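Computed from a prediction, not measured in an experiment: that's the story for all the values here.
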Amino acid sequence: MTTERQIRDYPFDMTEVEVSPMYARLRSEEPMSRVRLPYGEPAWLATTYADVKMVMADPRFSREMAQGLDQPRLRRELTGDGIMGMDPPDHTRLRKLVNKAFTARRIEQMRADIRSRVTRLIDAMVEKGQPADLVEDMARPLPVSVICDLLGVPFSDHHIFRKWTEGLTNDSTMNGNVLEEIGGELGEYMSALIAQRRAEPTDDLLGALVYARDDGDKLTEDELIAIAGPGLLTGGVETVSSGLPSFLFTLLADFPDQLKLLRTRPELMPNAVEELLRYVPINTAAMFARYATEDVRFGDVVVRAGDPVMPALAAANRDPLVFENPEQVDITRQANPHMAFGHGPHHCIGAALARMELQESMTGLLTRFPDLHLADGRDGVRWQFGVIVRGPVSMPVGW
């Protein structure tokens with residue numbers, strides 16, 4: 001059955017801001033379709049909410065099986081995926097250790113500090129004068145400073161981590177060796193920082209992870225470096241640095257009525273963030289293929305054991321069987337079980353932190369700037385579609 005189906009080039013479009021209409025077509029006509037990414041073997045693409053949810057949570061689909069295979073991907077380089085390349089029980093063991101630092105209670109205790117960071121960044125924007133670049137002046141420095149402080153990275157090195165984050169996620173060349181270069185630099189840096197924590201224990205997140213590593217070998221050294229480096233760095237930064245300008249662009253350019261409602265009813269901000277997480281894709285395309293461990297039937301399609309499946313979150317989050325009027329932003333939407341942060345064992349560890357940073361930064365900007373607007377219109381916003389995330393890389397705003 002696999003060979004009888006058309007194999008489409010994927011991603012469908014890496015130049016358009018809007019979600020490709022191909023997702024809606026496939027969801028309706030061919031919900032489990034065949035695609036070929038720039039690198040790796042062909043894959044199935046799951047586009048309905050039910051199928052995506054199943055692929056991400058069902059133990060018959062494995063991330064661990066992908067390791068060492070020619071898995072479908074946007075980037076030429078093929079390297080280990082760290083915690084994203086694990087299945088339970090190893091994945092569960094590592095998640096439990098990291099989750100201790102990302103409990104809802106602990107994250108909520110950070111709200112006042114994040115609000116202060118937002119205020120300082122806005123003050124700097126005002127002092128600098130308009131137009132300001134929302135990406136450069138707010139969206140990038142905020143999450144980098146938060147995650148660096150969680151890891152105990154000295155302030156003087158924050159700019160290095162920002163460079164590494166942008167390189168790991170926003171590289172759009174696809175065939176470069178950015179992972180090899182940045183991975184080596186980041187690994188060496190984290191190894192040195194870990195050695196420092198061993199010599200002088202701290203109560204920050206990295207200190208806690210080092211303790212977990214050394215107290216009964218709950219973490220291997222490689223696992224510790226992978227979690228503290230690429231895992232938390234990319235996951236803890238890019239949702240905010242790409243999401244914040246993308247969300248505000250969506251409200252300012254496409255849904256001014258929803259922006260007006262949000263200004264009138266600021267208590268809707270948590271709802272608004274959830275709705276924008278649903279509507280605005282942050283990932284460039286489906287990624288992190290799951291491999292079937294046995295034959296699995298999806299309607300008239302049988303995914304054979306050993307076949308990779310790509311879960312398309314952007315398509316699932318627009319499924320009309322789950323979301324009423326999915327092509328519209330509705331910040332009063334009540335039932336909103338979106339999967340912007342994934343689903344199942346690999347649900348984003350830093351989801352609560354990202355939500356809070358988005359809520360506080362949007363609240364701060366809209367409160368301080370009643371006339372926030374795109375300084376050069378929608379055409380003045382410059383976008384980048386990297387191998388992991390998509391979003392504005394320059395967004396001039398005035399107030």
Side-chain angles (χ1 to χ4, degrees), residues 17-18 110-147 158-159 162 165-166 170 237-282 328-332 353-384 389-399:
V17 174
E18 302 300 326
M110 298 172 61
R111 188 176 290 274
D113 173 67
I114 289 174
R115 189 173 295 162
S116 296
R117 292 172 193 257
V118 169
T119 299
R120 290 195 296 271
L121 288 169
I122 292 175
D123 287 344
M125 288 170 61
V126 172
E127 183 176 351
K128 184 177 176 181
Q130 54 183 315
D133 187 337
L134 190 66
V135 177
E136 187 69 23
D137 297 332
M138 171 67 76
R140 290 215 170 276
L142 175 64
V144 168
S145 70
V146 171
I147 203 68
H158 282 200
H159 69 285
R162 175 172 167 176
T165 304
E166 293 176 12
N170 287 343
V237 171
E238 282 306 321
T239 299
V240 178
S241 63
S242 296
L244 175 60
S246 295
F247 291 0
L248 286 171
F249 174 88
T250 299
L251 292 175
L252 290 166
D254 297 329
F255 294 95
D257 60 321
Q258 295 295 297
L259 177 58
K260 182 178 179 180
L261 176 60
L262 183 56
R263 289 190 181 281
T264 305
R265 299 180 56 191
E267 72 275 9
L268 287 174
M269 182 59 77
N271 248 44
V273 167
E274 296 308 307
E275 175 67 346
L276 290 162
L277 282 165
R278 178 197 71 82
Y279 182 84
V280 180
I282 294 175
Q328 297 296 311
V329 168
D330 178 6
I331 66 170
T332 66
L353 178 59
R355 282 186 166 102
M356 188 170 66
E357 289 183 58
L358 288 165
Q359 291 169 11
E360 291 299 325
S361 55
M362 288 182 64
T363 295
L365 287 162
L366 295 181
T367 301
R368 190 75 169 269
F369 303 133
D371 188 34
L372 184 71
H373 59 275
L374 299 174
D376 300 319
R378 65 185 303 139
D379 293 337
V381 179
R382 187 162 55 89
W383 293 75
Q384 183 167 8
V389 298
R390 61 183 289 288
V393 290
S394 178
M395 184 169 158
V397 296
W399 52 86

Could you give the distance from [atom1] ([X]) to [atom2] ([Y]), rounded to the nearest 0.5 Å?
X    : Y    : atom1 : atom2 : result
L276 : F255 : CG    : CZ    : 9.0 Å
L366 : L252 : CG    : CG    : 8.0 Å
T367 : E360 : OG1   : CD    : 9.5 Å
D133 : K128 : CG    : NZ    : 7.0 Å
M110 : R115 : CE    : CZ    : 13.0 Å
T363 : L358 : OG1   : CG    : 10.0 Å

If we only count heavy atoms from C-beta on, is the [X] to [Y] side-chain gap below 4.5 Å?
X    : Y    : value
T239 : E357 : no
V240 : M356 : no
R265 : I331 : no
V397 : Q130 : no

Main-chain N/O of R140 paired to R162 side chain as donor or acceptor, under 3.5 Å: no
Short side-chain to backbone donor-acceptor contact, R117 and P141, under 3.5 Å: no
Exercise: identify the closest heavy-atom pair between [X] and [Y]:
X    : Y    : value
V135 : S394 : CG2-N, 4.0 Å
M395 : P245 : SD-O, 3.4 Å
T332 : N271 : C-ND2, 3.7 Å
S242 : V389 : OG-CG2, 3.7 Å
L142 : S361 : CD2-CB, 3.9 Å
R355 : V273 : O-CG1, 4.5 Å

Steps toward salt bridge (Lys or Arg N to Asp or Glu O under 4.0 Å) verdict (D123, R368): CA-CA 10 Å; D123 287 344; R368 190 75 169 269; 2.6 Å; yes
Parallel, tilted or perpendicular: ring planes of F369 versus W399, cut at 30 and 60 degrees: parallel
E267, CD atom: more than 12 neighbouring heavy atoms under 6.0 Å: yes
Short side-chain donor-acceptor distance under 3.5 Å, S241 and E238: yes
Option passing side chain to side chain contact (heavy atoms under 4.5 Å, CB included) with L134 (candidates L365, L372, L374): L365
